[in-house]
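Quick notes on the structure that follows.
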Amino acid sequence: MPYAMDHDLAEAWLRAAAAAVEQREEELTALDGAIGDGDHGSNLRRGFTAVTELLDGLEPGLPPGTLLTRAGSTLISKVGGAAGPLYGSALRAAGSALPEPTADLTDLAAGLRAGLSQVCKLGGAQVGDKTMVDAFEPAVAALERAAFDGFTLREASALAAEAAEAGARSTVPLVARKGRASYLGPRSAGHQDPGATSTALLFAALARVAG
Amino acid sequence: MPYAMDHDLAEAWLRAAAAAVEQREEELTALDGAIGDGDHGSNLRRGFTAVTELLDGLEPGLPPGTLLTRAGSTLISKVGGAAGPLYGSALRAAGSALPEPTADLTDLAAGLRAGLSQVCKLGGAQVGDKTMVDAFEPAVAALERAAFDGFTLREASALAAEAAEAGARSTVPLVARKGRASYLGPRSAGHQDPGATSTALLFAALARVAG
Amino acid sequence: MKKLINSPDTVLDDTLAGLAAAHPELAVDRAARVVRRAGGPRPGKVALISGGGSGHEPLHTGFVGTGMLDAACPGEVFTSPVPDQVLAALAATDGGAGAVLVVKNYTGDVLNFALAAELAAEQGVEVHTVLVDDDVAVEDSTYTAGRRGTGATLVVEKTAGALAERGATAAEVAAVGARANAASRSFAIALTAATVPAAGRPGFDLPEDQIEVGVGIHGEPGRRREPLRPARELAAEVVGTILADHTLIPGDQVIALLGGLGATPLHELYLVYGEVAALLAERGLTVARRLVGNYVTSLDMAGFSLTLTKADPELLELWDAPVATPALHWS
Amino acid sequence: MKKLINSPDTVLDDTLAGLAAAHPELAVDRAARVVRRAGGPRPGKVALISGGGSGHEPLHTGFVGTGMLDAACPGEVFTSPVPDQVLAALAATDGGAGAVLVVKNYTGDVLNFALAAELAAEQGVEVHTVLVDDDVAVEDSTYTAGRRGTGATLVVEKTAGALAERGATAAEVAAVGARANAASRSFAIALTAATVPAAGRPGFDLPEDQIEVGVGIHGEPGRRREPLRPARELAAEVVGTILADHTLIPGDQVIALLGGLGATPLHELYLVYGEVAALLAERGLTVARRLVGNYVTSLDMAGFSLTLTKADPELLELWDAPVATPALHWS
Ligand SMILES: Nc1ncnc2c1ncn2[C@@H]1O[C@H](COP(=O)(O)OP(=O)(O)O)[C@@H](O)[C@H]1O
Ligand SMILES: Nc1ncnc2c1ncn2[C@@H]1O[C@H](COP(=O)(O)OP(=O)(O)O)[C@@H](O)[C@H]1O
Ligand SMILES: [Mg+2]
Ligand SMILES: [Mg+2]
Ligand SMILES: [Mg+2]
Ligand SMILES: [Mg+2]
């Protein structure tokens, strides 16, 4: 059970995320098909496959922040669409914010807060707009609260994953104001946002590897 | 009960043919859809609607041959496709061959024989090629035989209609050698030829008005 | 049936209204159903005229203009025009040098154009006919209707049109058209059936995983039904079938036309063309000129056809000659 | 899913291979995913670059050539290109006079082009961006993602491309592009859904008698679902919706683009255009220029979109300027 975000945990997280994306590609694509353009799953799979290849080729022992930064650049270079630059920039911002050689829970929460800020800055979305922010924000908030309350990384990650999952589900009734789903107007209500769903999946991967 | 083909019978025949075509347009189109291009019904309906309009505007008392000739020209001008020139030329040839002011059964048989010859000359088809000739030829032969045997026009027309109908049905197992159905090769077998079917319908119309 | 139409009965007339609005450079006679270049007949120029059933757009109306057709006679959907239309086109374009009719080899087209040609000849017009019959899916024999005319029509109209534009005689124009046709072979595969508006339903039912191989351009079923395969294999099938019937040897040049059947998006056509080009290169053939797009279509049928024309310097030069029509334009 | 492809994963690469084979006049870099005019950068000329997800062909690759784009960056199907592609295009076309990026207003396109523009600016390249957002089906407000970019992209690329060809500055080219966009409004109706190859099934299920009104070009459902109606009524709906949002008054001139969405045959597009032209005439508007065909498509979606650009002498002159690209060609 890891107590801080170090190289191994960062690598494990990214690999677990890649595995989860691969496994749930169709579900993500189907969600995007309903209110978007039906490519979210394949976009992320393409990106995380490249992240896996990146990890396979990296020299060992790099600090966790570097892993996240490089993974973010890879997503930007491979994914395209809205999710590519948003997730990519988020990882880059988070990675840059993490201290070396390891990041404790407070550092991690701060890093992911920096990543989330980058998403909000680039995309202009707020909670309630039916985007990945609806899962990302409560997950980061859960980590921050857990850090403040002295929880372990493991406990905190589990809470963040739950919060992200609840956030993703909370998008179902919403009418989208950002991203492609917004083009549907009221018809976007009744569907879960694909990006919020993949965000929940990334936090679930973190909880698994930190568990 | 008419004893010869006069103006009234010719007009009645053409009107009955038009009514029959209108009523069975969909069936003819469906047959053509199976082994052709799905327009035989609408082609003939367009043509016979124009024939009806022609009849509505004609001065009264024209000889039957003139009615057929004019109707043939109308079909040529309105139908297009294979059936337009074939039926149109057949009616023109038949009309030109009929004596004035009326044609007896022998004359009628000879006139329709001339029409059939024109179809064969233009289209190059023989009995067995899975075309309208497969219904037309036995119908004309039946008329000729009936004339030779001294039958009435009414009896002869009924025999011709039966022969045409049997001829149309005989096309079902055939592999087409002419017309669009020939493009299907062996796949044309198992379907009744639309042109043979409409020919049977035209002779059935004759039998009705002569009955 | 899901179509952008007002009513099955008015499809041709409504389409001509739109064509006229879209192309002010064409003279569209909706009553006579003749589409010709604006401006009257050109004295001394052979009139190149074609036509056929509608539903194959841009063929033939989209090929009217400088360097190609003088007039087109659009029939009802999938139904050849009537002789009156051809006569009207002849009258509207007669420059005194005679006319060449480009006729796709279908019984209906052949008969209707022949009736018109006969009447025009009686009136003293020199009329030649070029019969297009390039579809290798169809058996060719004196006992059959012969091969269908499909994609080669474009090649015939382009080359004959270029020669006519230069003031050649009707006989010369017809001879080049016949030569272009003889040098051409086509083959097509459909992914879906076409729906004739008046029929209201597809010409055949094709399951989600099946294709029709060897189809024509009138919505009729093909020679056989097969499972859908990757584009690479379909391209190989089409190229192989054409080359088996063609007199091409390594080193020969070809004009290649990879055409959509109406409902196939351009990116799929490019994709298939990439496979075709690779296969032709493997066989040692040089693609001297090529066109990829929707040119000789079949209503809303999805699929593609390939036409290969053996090229020679004269055909290539005529191909390259300037053309300015709605569907083909180069200088 | 019935498509002429080899595998969903190789659609983009295979399409680029075919594009390269079909258009030797283009330089297709399959590795970098950049399509540009053959020949290197032209010193002193502003580079006009666009791009976006694939599946909209001929947009954008078919608009590369004299008088229009210098390069296009095709992303995966319906997925905006990545910044690396845009940077590669910038590097390959940089003639020292800066660049103008034509970007359709989608979050993904905006973000990826912005990242590239930022990096290029850091390297000292003067980069301007023209955002295209013409689709009136979408509500426009600062709280939303704003309107989608659709058919107006062609008008922007044509007019900006003509000005760039004449040696204007990047700021001038961008200004004309922005003006063409501001003068344009579009609206689209779909008869069928598009199928993204990787998804394997249509983006939405549409019953045989229903249409989606107010669709975009990415296969997403529209604003609402309605029963299919005659073309005349659909045209009225589209024209009415656009004009309600447009500042056009009787006597104004427009450029009209009646575009197919990918699977609609040309004859239906002509038919609809005939209705549109009649409606515009009724409203006292003059169609100064028009295009009918498949230009900004959405894979295999059936349907049409209408774009109306308010024309002025400068825009018309730029529209008329010579263009030589795979999809647009006049002189
Ligand atoms: N402005 C935005 N801010 C935050 N997230 C966004 C924004 N726009 C889109 N997204 C997220 O991106 C997801 C879609 O990603 P994806 O399908 O890969 O890209 P695209 O919409 O370009 O096809 C949406 O479900 C949403 O969560
Ligand atoms: N060469 C021919 N000789 C005689 N009849 C023919 C010939 N070709 C076609 N037909 C007849 O025409 C019918 C088709 O008519 P129609 O559908 O109206 O024309 P098209 O085939 O041009 O669409 C066929 O069913 C056949 O009976
Ligand atoms: Mg998407
Ligand atoms: Mg037919
Ligand atoms: Mg027909
Ligand atoms: Mg996308």
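Sequence lines set the chain letters: A, B, ... in the order given, protein chains first and strands last, and positions in each chain run from 1.
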Based on non-hydrogen pairs under 4.5 Å, which of [options] is most in contact with chain D?
options                  : value
D39(A), L86(A), T29(A)   : D39(A)
A82(A), G81(A), S188(A)  : G81(A)
G185(A), S182(A), S77(A) : S77(A)

Practice item. With side chain to side chain donor-acceptor pair (under 3.5 Å) as the test, would you mind laying out the steps for H40(A) and S198(A) before giving the verdict? Key: CA-CA 9 Å; H40(A) 190 58; S198(A) 60; 2.8 Å; yes
Point to revise | side chain to side chain donor-acceptor pair (under 3.5 Å) between T10(D) and D14(D), intermediate numbers included | key: CA-CA 6 Å; T10(D) 60; D14(D) 291 347; 2.9 Å; yes
**Study point:** E27(A) atom CD, neighbour heavy-atom count above 12 within 6.0 Å
**Key:**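 It does: E27(A) CD has more than 12 such atoms within range.
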Practice item. Please check if atom CZ in R225(D) has more than 12 non-hydrogen atoms from other residues, nucleotides or ligands closer than 6.0 Å. Key: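 Yes, because the 6.0 Å sphere around CZ of R225(D) holds more than 12 heavy atoms from other groups.
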Practice item. Identify the heavy atoms of D109(D) and P81(D) that sit nearest to each other, and give their distance. Key: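 For D109(D) and P81(D), the tightest heavy-atom pair comes out as OD2-CD, 4.3 Å.
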Exercise for review: Considering non-hydrogen atoms only, spot the tightest contact between I189(D) and L261(D) and give its length.
Suggested key: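 That closest heavy-atom pairing would be O-CD1, 3.6 Å.
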Check your understanding: Taking the six-membered ring of Y183(A) as reference, does the NZ or CZ atom of R148(D) fall below 6.0 Å from its centre and within a 45° cone about the axis?
Key ->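 Relative to the ring axis of Y183(A), which defines the angle, R148(D) lies inside both limits.
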With a 4.5 angstrom heavy-atom cut-off, is it the side chain or the backbone of [X] that approaches chain A, or both, or neither?
X       : result
N112(D) : both
D9(D)   : side chain
N105(D) : backbone
F204(D) : neither
V110(D) : neither
P221(D) : both

Exercise for review: Could you tell me whether R180(A) and D37(A) have a side-chain N and a carboxylate O separated by less than 4.0 Å?
Suggested key: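 Answer for the salt bridge query: yes.
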Check your understanding: Of the listed residues (V196(D), T107(D), L111(D)), which shares the most heavy-atom pairs with chain A below a 4.5 Å separation?
Key ->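 Option with the greatest count: L111(D).
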**Study point:** Max heavy-atom pair count under 4.5 Å with chain A, selected residue of Q85(D), R223(D), E220(D), R224(D)
**Key:**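 The candidate making the most pairs under 4.5 Å is R223(D).
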Practice item. Determine whether the side chains of T297(D) and H56(D) contain a donor N or O and an acceptor N or O closer than 3.5 Å. Key: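 The answer is no; no qualifying pair exists.
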Exercise for review: Compute whether any side-chain donor of one residue and acceptor of the other, for S73(A) and R92(A), lie under 3.5 angstrom apart.
Suggested key: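 Their side chains do contain a donor-acceptor pair, which is all the 3.5 Å distance test asks for.
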Exercise for review: Measure A176(A) against the heavy atoms of chain D and call it side chain, backbone, both or neither at under 4.5 Å.
Suggested key: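 Neither the backbone nor the side chain of A176(A) comes within 4.5 Å of chain D.
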**Study point:** S42(A) versus chain D, the contacting section by heavy-atom distance below 4.5 Å
**Key:**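 Contact with chain D is through the side chain of S42(A) alone.
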Point to revise | R147(D) vs D245(D), side-chain contact (heavy atoms from CB on, under 4.5 Å): CA-CA, chis, key distance, verdict | key: CA-CA 12 Å; R147(D) 288 182 161 170; D245(D) 194 272; 2.8 Å; yes
Exercise for review: Answer yes or no: is there a donor N or O on one side and an acceptor on the other, between the side chain of D134(D) and the main chain of G151(D), under 3.5 Å?
Suggested key: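 Present.
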Review point. Looking only at heavy atoms, which of residues 112-145 of chain A get nearer than 4.5 Å to chain D?
Key: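 Interface residues of residues 112-145 of chain A: L122(A).
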